[in-house]
Amino acid sequence: MAIDEPISKATELFTAKRVLDTHWTRALDRPWRVGGCLECRGRDNCPQLDWAIKLIAEVAALMFQKR
């Protein structure tokens, strides 16, 4: 895939899961919290974790919509 091609939702979801897994395994005292990756800034700010949680929430909302 070329760098300028659009990323599929499946690839985004896979990447989001990897971000969550990184925070789960590296921030053992506070799982799924800031402190698990190199993008973490301070004690309560991580743009990668915020993005991953937002994406997972959007996918979950789409999956559980009532018909």
Side-chain angles (χ1 to χ4, degrees):
M1 172 172 23
I3 199 160
D4 57 349
E5 290 183 22
I7 297 173
S8 70
K9 272 296 181 193
T11 301
E12 277 188 323
L13 192 56
F14 178 75
T15 304
K17 182 189 178 314
R18 290 187 65 189
V19 169
L20 291 176
D21 288 346
T22 298
H23 284 84
W24 176 258
T25 58
R26 291 190 183 160
L28 294 177
D29 58 330
R30 296 180 312 143
W32 288 322
R33 305 282 184 193
V34 172
C37 77
L38 296 175
E39 290 293 315
C40 289
R41 299 178 185 142
R43 294 181 55 167
D44 55 359
N45 184 13
C46 180
Q48 279 190 348
L49 184 59
D50 293 342
W51 169 81
I53 291 171
K54 180 181 174 189
L55 182 68
I56 298 290
E58 289 172 0
V59 170
L62 183 63
M63 289 175 58
F64 294 114
Q65 282 181 349
K66 292 185 178 180
R67 292 184 179 237

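In the hydrophobic cluster analysis, where Ile, Leu, Val, Met, Phe, Trp and Tyr join through side-chain heavy atoms closer than 4.5 angstrom, Leu62 is grouped apart from Ile56.
Contact detail for Ala16 and Ala52: the closest heavy-atom pair is O-CB, 3.7 Å.
Contact annotation: the side chain of Trp51 approaches that of Thr15 to within less than 4.5 Å [non-hydrogen atoms, C-beta and beyond]. Looking at heavy atoms from C-beta onward, Thr22 lies out of side-chain contact with Leu49 at the 4.5 angstrom threshold. Ile53 places none of its side-chain heavy atoms less than 4.5 Å from the side chain of Val19. With contacts defined as side-chain heavy-atom distances shorter than 4.5 Å, the pair Leu55/Lys9 qualifies.
Every residue two or more places apart in sequence or in another chain was checked for a side-chain hydrogen bond (donor to acceptor under 3.5 Å, both in side chains) with Glu58, and none qualifies. In this structure Lys54 satisfies the side-chain hydrogen bond (donor to acceptor under 3.5 Å, both in side chains) test with no other residue, sequence neighbours excluded.
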